[in-house]
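In what follows, chains are A, B, ... by sequence order, proteins preceding strands, each numbered from 1.
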Amino acid sequence: MENTNPEALNRQKQIKRTGLKDLSNAVSGKVILRFAPNPNGPLTLGHARGVTINSEYAKIYDGKVVLRFDDTDSKVKPPIKEAYSWIEEDYKWLTGKNPDIIVRASERMEIYLSYAVKMLDEGFGYVCKCSAENFKKLRDNSEECQCRKKESKENLSDWNEMVNGKLTEGMAVVRVKTDMNLPNPALRDWPALRIQHSHHPMVGDKYKVWPLLDFQSAIEDHEQGVTHIIRGKDLMDSTRKQTLLYNHFGWEYPETMYWGRVKIHEFGSFSTSGMRKEIENKNYSGWDDPRLPTLRALRRRGFDSEAMKDFWIDLGLTQKDISVSLQTIESFNSSKIDSKCERRVFVRDPKKIILNANNIEIPIKLILNKHPLNKIKGNREWNIEDLEIYVEEKDLEKKEIRLKDFADIEVRKSEGIIQSLDRNDKRSIVHWIPKSISKKAILTIPNGNEIIIQEGVIEDIQIMKNNIVQLERVGYAKIESIDDDIIKLLWLHG
RNA sequence: GCUCGUGUAGUGUAGUGGUCCAUCAUGAAGCCCUCUCGAGGCUUCGACCCGGGUUCAAAUCCCGGCACGAGCACCA
């Protein structure tokens, strides 16, 4: 090796490349990406990947992101009128900025329809009146159907019957002529537009014929000048179908990259339409129910958008199907929020203990940091004059404990005998709270499909609505409401 | 069945022929801390799917298996 490749002897520790890989064929300032959700609900954790990756690449290459609402199906996945603005909000929360361009497919129907006419006119598309079932049989045997042989004149007149409503749902479809002998059956004369007479929440009953995703998306990407498409690998065949269409039109297909499926352990398999149903059935309180994997639910609990972004960028863009734990996201979140979260004590299942000074001189006041490393300036003052404190029932199982930041005690029934103010041994340190500064609180914890409610008392010092605090030895929680007699906390994570 | 894709520690991720007895994070275990079992610091554990081939040299290239996943909707 010394002779053949001497420099290989100078070993160095490798370092991990961070951030996203380079986009191929990307010219700074010219990159146009897109994120295309169906507005049938707000954005979920899964969508966050698309939003993050696209907006991050746009940032790196000084490019643009098109937010495109793919709302061309009012039957199987009917759009929700409010979801358009929900999605815009969610996008802004996650990226910190608005999309550069926003388009709604339903507003651009004339464009799609005119390209459909062009396709029929130029003979690379046809109106097919075969049933889906029959066509599948023919396609599986690489056989052409009768409709394929029609002249463009006849196709155009059939098209008019589709458009004016004479032909009803299921009677005809427009197909793109590819090649019935293509090895991949999915690509053979694929359907581009179909008849849908259902009411559309945005444009009503204006259109009888609607494009399918592969057609609409292909046309719109071209119209917007999209240079790079990043999509799920389940859409690989879409790329191939659309490339065939682009060839007919004489266009050049954008660079395309794919990601694999992501499953978050804790959330199982959720679909937007599934969630919608559950919400309608009152099994969840709304789209921001803390058990749901929607961005609004996560935001409500106190997840930080930067942490979310870091998480998705760390996963990167790979075609592997992955299964990650919420814990990973939580750890990204902790590192973002910890230095911003003040500490407070929350004692669950509180048990009252009366302190016995035991002839030791004890202070009447304790001054505690708001943050252990003083990342947040300021402190909390605890008055312990009346000697009545609360400790968690579970912590009283041990008879000798240390009250954090205060004293070693021995517990005898409901009495706590102070043994020393200094820490003298390795006994466990527990959190506690003087009764005089405590206030009743409940902590709501989403746990899978359940909601766990924990009752306790919280340190009632500068408690502010919507703040996220770290409950010492418990975890992070958001203060959701403050009433005269009770404070409501929503669990974030440990 | 046809077509396509992916396989690096428990989970993710870096790595494109020698700088690799393999990176980083997370996790688990343990330790430290004038004091959090969930903050902070530190230590340890743990992986190239299998089998051939090419080469002085393979996680990396080639071939063949195997496993897993996806598409084949008038859904997106």
Side-chain angles (χ1 to χ4, degrees), chain A residues 1 3-18 21 36-40 70-73 75-77 128 130-132 135-136 139-140 142 169-175 182-188 190-196 209-210 212-214 216-217 231-241 258 260-262 265 271-273 310-311 314-316 318-325 327-332 334-335 338-339 341 343 345 371-373 375 395 402-408 421-423 428-431 470-476 493-494:
Chain A
M1 189 159 75
N3 302 325
T4 55
N5 195 353
E7 62 273 25
L9 291 167
N10 306 321
R11 305 181 137 195
Q12 268 173 18
K13 265 282 194 222
Q14 64 177 320
I15 47 162
K16 183 181 171 163
R17 181 191 59 72
T18 53
K21 283 177 195 155
N38 180 331
N40 63 345
D70 280 350
D71 57 349
T72 55
D73 176 22
K75 200 166 190 179
V76 184
K77 289 183 177 169
C128 175
C130 299
S131 69
F135 187 84
K136 183 176 160 51
R139 185 197 55 202
D140 288 347
S142 294
E169 290 184 16
M171 288 176 73
V173 65
V174 175
R175 295 189 180 280
L182 253 17
N184 185 346
L187 312 185
R188 297 173 192 157
W190 53 271
L193 302 98
R194 83 322 207 171
I195 300 166
Q196 256 192 5
V209 177
W210 287 84
L212 274 324
L213 171 85
D214 287 318
Q216 179 271 130
S217 173
R231 52 166 52 138
K233 68 173 183 180
D234 52 317
L235 259 27
M236 278 183 167
D237 280 348
S238 279
T239 301
R240 299 178 185 111
K241 287 187 210 173
Y258 307 93
R261 284 191 105 70
V262 181
H265 295 317
S271 69
T272 305
S273 42
D310 289 353
F311 166 75
D314 186 65
L315 288 198
T318 65
Q319 290 190 30
K320 265 168 85 172
D321 294 328
I322 55 174
S323 181
V324 293
S325 165
Q327 271 190 36
T328 309
I329 305 176
E330 292 173 351
S331 131
F332 274 93
S334 295
S335 54
D338 183 74
S339 60
C341 291
R343 308 295 132 129
V345 170
H371 183 101
L373 305 173
K375 293 270 174 68
D395 285 330
R402 175 158 183 88
L403 301 177
K404 184 173 180 295
D405 296 310
F406 180 46
D408 286 354
L421 292 185
D422 292 328
R423 182 156 167 75
S428 31
I429 296 169
V430 307
H431 62 295
Q470 192 204 71
L471 305 172
E472 289 186 339
R473 292 219 303 147
V474 179
Y476 300 94
H493 54 74

Open item on the list: Under 4.0 Å, counting only non-hydrogen atoms across every strand here, what does P372(A) touch: a base, just sugar-phosphate, or nothing?
Closed with: base
Open item on the list: What's L403(A) touching, base or sugar-phosphate or nothing? Going by heavy atoms closer than 4.0 Å.
Closed with: nothing
Task: Contact pattern, 5' to 3', of nucleotides 69-76 of chain B - B, S or - by protein heavy atom under 4.0 Å - done: SSBBSBBB
Task: Reported CD-to-CG distance for the pair Q216(A) and L193(A), which is rounded to 0.5 angstrom - done: 10.0 Å
Open item on the list: So, using ring pair (Phe, Tyr, Trp, His ring centres under 6.0 Å) as the criterion, who are the partners of W210(A) when residues are at least two apart?
Closed with: H200(A), Y207(A)
TODO: Could you walk me through whether D405(A) and R343(A) pass the salt bridge (charged side-chain N to carboxylate O under 4.0 Å, His left out) test, one step at a time?
DONE: CA-CA 13 Å; D405(A) 296 310; R343(A) 308 295 132 129; over 6 Å; no
Open item on the list: Under a 4.0 Å threshold between the charged nitrogen and the carboxylate oxygen, would K404(A) count as salt-bridged to D395(A)?
Closed with: no
Task: Interatomic distance, M236(A) CE vs rU3(B) C1' [rounded to whole Å] - done: 12 Å
Open item on the list: Tell me the interatomic distance from L471(A), atom CG, to rU36(B), atom C1', rounded to whole angstroms.
Closed with: 11 Å
- [ ] Taking the side chain as every heavy atom from C-beta outward, state whether L471(A) and V345(A) have any pair of such atoms under 4.5 Å apart.
- [x] no
Task: Nucleotide rU16(B), atom P - distance to NZ of K21(A) in whole Å - done: 10 Å
Open item on the list: At 4.0 Å (heavy atoms only), tell me whether Q470(A) reaches a base, stays on the sugar-phosphate, or touches nothing.
Closed with: base
Task: Nucleotide-level pairing of RNA chain B, given in dot-bracket where Watson-Crick and G-U pairs need both distances under 3.5 Å and | marks other strands - done: (((((((..(((.....[.....)))((((((.......))))))...(((((..]....))))))))))))....
Task: Whole-angstrom distance between rU16(B) and rU36(B), as gauged at atom C1' - done: 46 Å
Open item on the list: Any N or O donor-acceptor pair under 3.5 Å from the base of rU11(B) to the side chain of Q327(A)?
Closed with: no
TODO: Taking atom P in both rU8(B) and rG15(B), compute the distance separating them and give it to the nearest angstrom.
DONE: 14 Å
- [ ] Nearest whole angstrom, please: distance from the P of rU36(B) to the CZ of F406(A).
- [x] 17 Å
Task: Integer-rounded Å distance: rU26(B) C1' and L315(A) CG - done: 11 Å
TODO: Determine the Euclidean distance between corresponding C1' atoms of rA28(B) and rA14(B); express it in Å to zero decimal places.
DONE: 22 Å
Task: Same-atom distance (P) from rC49(B) to rG7(B), integer angstrom - done: 9 Å
- [ ] Kindly point out which of rU26(B), rG12(B), rC4(B) is positioned nearest to the side chain of V324(A)?
- [x] rG12(B)
TODO: Choose from rA14(B), rU26(B), rU11(B) the nucleotide whose nearest atom is closest to any side-chain atom of S331(A).
DONE: rU26(B)
- [ ] Taking only the side-chain nitrogens and oxygens of R473(A), find out if one of them lies under 4.0 Å from OP1 or OP2 of rU36(B).
- [x] no
Open item on the list: I need the NE2-P distance between H431(A) and rU36(B), as an integer number of Å.
Closed with: 13 Å
Task: Cationic N near anionic O, under 4.0 Å, K375(A) to D338(A) - done: no
Open item on the list: Suppose you measure atom P in rC21(B) against the same atom in rA59(B); what distance do you get, rounded to whole Å?
Closed with: 9 Å
Open item on the list: Suppose you measure atom C1' in rU26(B) against the same atom in rC33(B); what distance do you get, rounded to whole Å?
Closed with: 23 Å
TODO: For rC61(B) versus rU55(B), give the span between their C1' atoms, rounded off to a whole number of Å.
DONE: 10 Å
Open item on the list: It should be established whether T318(A) places a side-chain nitrogen or oxygen under 4.0 Å from OP1 or OP2 of nucleotide rU13(B).
Closed with: yes
Task: Inter-residue atom distance H371(A).NE2 - C341(A).SG, 0.5 Å rounding - done: 9.0 Å
Task: 5′-ward residue of the pair G316(A)/Q319(A) relative to RNA chain B - done: Q319(A)
TODO: Can you tell me, in whole Å, how much space there is between the P of rG69(B) and that of rC74(B)?
DONE: 25 Å
Task: R188(A) side chain vs L182(A) backbone, donor-acceptor pair below 3.5 Å - done: yes
TODO: Before accepting this row, confirm whether a basic side-chain N of the pair D237(A)/K241(A) lies closer than 4.0 Å to the acidic partner's carboxylate O.
DONE: no
Open item on the list: Expressed as a whole number of angstroms, how long is the span from E330(A):CD to rU11(B):P?
Closed with: 19 Å
- [ ] Look at all strands and tell whether S323(A) reaches a base, only sugar-phosphate, or nothing, counting heavy atoms closer than 4.0 Å.
- [x] sugar-phosphate
Task: Nearest-angstrom distance from the residue atom CZ of F332(A) to P of rU26(B) - done: 8 Å
Task: Whichever of R423(A) and K16(A) has its nearest RNA chain B nucleotide further upstream toward 5' - done: K16(A)
Task: Validation row: T239(A), K233(A) side chains within 4.5 angstrom (heavy atoms) - done: no
Open item on the list: If the threshold is 4.0 Å, N to carboxylate O, is there a salt bridge linking R240(A) and D214(A)?
Closed with: no
